[in-house]
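Structure first, commentary second.
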Amino acid sequence: MVTERLDIQDQLEVLSIFEHIDNGHNFLLSGGAGSGKTYSLVSVIRQVIKENPTIKIACLTYTNAAVKEIEDRINHKNLKVSTIHDFLWDCIKNFQSELKLALIQLAEEETFIIDDPEKTLSENIEIQYKEYVRLREGIISHDEVITISEYMFIKYPKLCDILKDKFKFIFIDEYQDTNEQVIRIFLDHLRISKKQSIIGLFGDSMQSIYDDGIGNINLYLEKDYVKEVVKNQNRRNPKKIYKLANNLRTDNVKQEHSSDLSAPNILPNGNVKDGNILFLYSVEKNTEKIKHYLKSLNQSWDFANSKTTKELNLTHNLISAQAGFSTLMEIYDEDPIINLKKDLSEKIKNENLNIEDEKTFEEIVNELKLESRSYLLDEIKLDLEALKEFDKVKDLSIVNFSDLEFKHKLLIELKEKTIKQKKIPKKNLYKYITIEEFVGELNFITTVLKKDKILSNETHRLFYEKIKDKSFNEIKKIYIDKENLIDDKRELDDQNSKKGSKRDNFIKHLFKIQNVLRFYSDKNFPEFFRVMKRNGTTIKTINDKRVLKNNIEQLLTNQNTTIGDVIDRADELGIVKKDDKIDNFIHSSEYIYDRLKEVSYQEFIKLYDYLEGLTPFSTQHKTKGNEFDNVLVILDNGNWTKYNFNYLFTNRIDRASVFERTQKLFYVCCTRSKENLAVYFQNPSTQVIETAKNWFEEIIDLDKL
């Protein structure tokens, strides 16, 4: 018998799950955003414990924050709550001989790259799982854990017996974000074992917005490996928002409000909240004008309160200027020298060129430039101004190329020359790719012009002068990516960071410094002095305190203090000492560090506040799983070709993958709101506005206000 509850819908869903459990079937609980899937997961776990008090249960999630949330709700000695990576590692870590053999085999199959793996791994080393990967030393990280785990569950079926013996129930939260290899382990490979266990999945295929997630398990449902229970209630969103969400769904989940009178979206009189949804547009995007209009509505929009109001953009790049860390983003994402280095390395690899690494960076640039200039300038006569016209046609399919009014010489000549050079039949080229994808295939030809562009910019010319005489072998080892800057974003101050951060050691070092400075500014002096003492710094006199206070306040407020200054001063003051990691970064990425150290520390504070969820800004991906009273969604693709909001509003299903990806992301964004939702679209077409009229009750042209 299921534990008595106020909500009859919850009772029926849990009863259905236990019918499948009683029949020995794996199950899937599918529920839309705000349906209370975690609540149902907790209810099922509690009931399983009640009926089977001596058996062990595993509950797997993707983040440490989710682990903590579930552990806070259920505390039982037989329940193991874990991230998926940690759980899989626990399953295989004691089989060291088999782990080494697995690594060797995967290296031979070129799944992993290890020079002479048998020699490396035959020594007396222990395979370890850490935050970083050094395969030569037997250290694996998150991606390797998943791949090795699947290999071992296939290679050693006894592992399936061991796991089923240990855990009679394994529940996986947010299954749609789980790697396909993980799902195969639990739904394919465990079937090899004849022992009994139940796999329970909880999630929503419509919220599968991460590339490495399985998305859905329709194949397993069709094979009857899993039984589905649908959760149709909505406990979070007002009526207007969940009705909009229903229009976006493509499955059998159509939400209605909960019958639970204590649900957040239910008013004291028992009725569901209506909420407010707006579609805003204008010819030119003016974020301040958008916010000013929303604040004028008296609907509790407060962009100064990051806990109640969020502005969602597609990319961090679209946020960086508003949030105040554009220089850091430019260095990590658009550094001209590093981008040129990437293009050169890719050209060398793709064309299998024989390049002498001891040559200088400039020698390699000039060598490849001379090689390409004849092809580029003599044969194609590339007109750079034509690229400005490219935005007008980039989303159109090449199959319609002959019908375009735009017949610019650039696109016509590139098209003809590429077909000739690559011997690609015209009909195949036309059939499969858009103009944007087509021109993307030709990106390598623009590499040759990048040096000229760099030298035409005085600041970039100075960067080039610093690096041009260094060996190409040294420069090509420099790696930097914007994920090193902005990964591991937290939406709320009290959330835990996810495991597997991609932040580099430079950003991690700055976070250590700012965390300590924040203890001070928040007047959390016990924690502040604990850290100082651990770093070997003691405060003995009143004057010591006064000097320290002045130094810290200068670090926190002086606009002229650079990041390099703060790193040095923090080391001197004992706030955060320099260690091997930051020293290695400075040595191995000298060019990047020379740029970063000159950036104002105030800009890093802005980045810190953004990543710690202390600003109203967020990317649309990172807000998943959270909820806010007020949500403003800015529909701007940000030059990211994987998404296109115009496709969504014009039903452009011929680009199915982009359409579906955009549809799911938009669904996630809209369903974050508990009260008010506003969606902004810049310069929409008539067709976009007509679709908006079907989805939204109120359409506002900001240019007419």
Side-chain angles (χ1 to χ4, degrees), residues 58 60-64 80 82-167 170 172 177-193 210-214 345 349 476-477 479 481 483-484 487-488 498-505 508 580-581 584 588:
L60 312 184
T61 74
Y62 196 73
T63 66
N64 287 319
K80 179 182 178 64
S82 170
T83 64
I84 291 168
H85 294 82
D86 286 344
F87 182 82
L88 291 176
W89 176 242
D90 282 345
C91 292
I92 63 175
K93 67 182 181 183
N94 293 324
F95 303 96
Q96 286 291 318
S97 298
E98 291 81 0
L99 272 171
K100 291 174 187 176
L101 291 174
L103 270 176
I104 292 170
Q105 182 62 42
L106 289 168
E108 289 176 353
E109 295 173 3
E110 298 187 350
T111 303
F112 300 147
I113 305 300
I114 315 176
D115 296 333
D116 200 356
E118 290 197 37
K119 180 179 179 181
T120 302
L121 297 174
S122 61
E123 299 171 4
N124 187 27
I125 63 170
E126 179 184 0
I127 307 301
Q128 302 175 70
Y129 168 45
K130 295 189 176 182
E131 296 290 327
Y132 57 92
V133 56
R134 287 181 185 161
L135 295 176
R136 291 185 188 87
E137 300 172 22
I139 298 173
I140 62 175
S141 189
H142 315 291
D143 292 341
E144 292 78 27
V145 161
I146 289 178
T147 300
I148 292 173
S149 294
E150 184 181 24
Y151 177 89
M152 290 188 65
F153 272 98
I154 296 172
K155 180 77 172 176
Y156 307 107
K158 190 69 176 176
L159 278 174
C160 301
D161 289 336
I162 293 170
L163 181 56
K164 283 188 168 184
D165 274 340
K166 189 171 184 179
F167 296 103
I170 300 173
I172 303 176
D177 297 331
T178 304
N179 189 285
E180 186 175 357
Q181 291 177 288
V182 174
I183 296 298
R184 288 201 297 262
I185 290 172
F186 290 111
L187 294 185
D188 284 323
H189 308 325
L190 286 189
R191 291 174 61 85
I192 297 171
S193 171
Y210 304 126
D211 290 342
D212 56 352
I214 191 169
S345 298
K349 178 181 178 182
K476 75 178 184 179
K477 292 177 181 178
Y479 176 80
D481 186 87
E483 287 298 312
N484 303 143
D487 187 51
D488 202 22
K498 70 180 181 182
K499 191 167 186 176
S501 170
K502 295 177 183 177
R503 287 179 186 166
D504 62 31
N505 287 328
K508 287 179 179 177
D580 289 345
K581 292 181 179 179
N584 288 338
S588 63

Take Val145 and His142 through the test side chain to side chain contact (heavy atoms under 4.5 Å, CB included) and record every step on the way to the result.
CA-CA 5 Å; Val145 161; His142 315 291; 5.8 Å; no
Partner set under side-chain hydrogen bond (donor to acceptor under 3.5 Å, both in side chains) for Ser82, not counting sequence neighbours
none
Partner set under side-chain contact (heavy atoms from CB on, under 4.5 Å) for Tyr479, not counting sequence neighbours:
Asp481, Asn484
Roughly how far, to the nearest 0.5 Å, is the NZ atom of Lys130 from the CH2 atom of Trp89?
11.0 Å
Set of residues satisfying side-chain contact (heavy atoms from CB on, under 4.5 Å) with respect to Lys155, sequence neighbours excluded:
Tyr151
All heavy atoms of Phe186 vs all of Leu60, minimum pair found to be CZ-CD1, 3.7 Å
Main-chain N/O of Gln96 paired with Glu126 side-chain donor or acceptor, under 3.5 Å
no
Between Phe87 and Ala58, which heavy-atom pair has the shortest distance, and what is it?
CE1-CB, 3.7 Å
Partners meeting side-chain contact (heavy atoms from CB on, under 4.5 Å) with Lys477 (sequence neighbours left out)
Asn473
Calculate, to the nearest 0.5 Å, the distance between atoms NZ and CG belonging to Lys158 and Asp165 respectively.
7.5 Å
Evaluate the side chain to side chain contact (heavy atoms under 4.5 Å, CB included) criterion for residues Leu163 and Ile170: first the C-alpha distance (whole Å), next the side-chain angles of each, then the deciding distance (0.1 Å), finally the verdict.
CA-CA 10 Å; Leu163 181 56; Ile170 300 173; 4.1 Å; yes
Give, for atom CD1 of Ile148 and atom CD1 of Ile140, the distance between the pair rounded to the nearest 0.5 Å.
4.0 Å
All side-chain hydrogen bond (donor to acceptor under 3.5 Å, both in side chains) counterparts of Asp188, not counting sequence neighbours:
Tyr220
Counting distance only, does the side-chain N/O of Lys166 pair as donor-acceptor with the main-chain N or O of Cys91 below 3.5 Å?
no
Sorted by chain and number, sequence neighbours left out, side-chain hydrogen bond (donor to acceptor under 3.5 Å, both in side chains) with Glu150 holds for Gln181, Arg184, His189
side-chain hydrogen bond (donor to acceptor under 3.5 Å, both in side chains) involving Lys93 - partner list, sequence neighbours excluded
Asp90
Minimum heavy-atom separation for Ile125 and Arg136, please, with both atom names.
CD1-O, 4.4 Å
How long is the gap from CD1 on Ile214 to OG1 on Thr178, to the nearest 0.5 Å?
8.0 Å
Is the distance from the ring center of Tyr62 to that of Tyr210 below 6.0 Å?
no
For residues 103-114, dump all side-chain donor-acceptor pairs below 3.5 Å to protein atoms at least two apart in sequence or in another chain.
from: Gln105; atom 1: NE2; to: Glu109; atom 2: OE2; distance (Å): 3.0

Residue list, ring pair (Phe, Tyr, Trp, His ring centres under 6.0 Å) with Phe95, at least two apart or on another chain
none
Return yes if some donor-acceptor pair links the side-chain N/O of Lys164 with the main-chain N/O of Leu190 below 3.5 Å, else return no.
yes
Per side-chain contact (heavy atoms from CB on, under 4.5 Å), Tyr156 is matched among Leu101, Asp161, Ile92 by Leu101
For the residue pair Ile185 and Leu88, establish whether any side-chain heavy-atom pair is separated by less than 4.5 Å.
yes
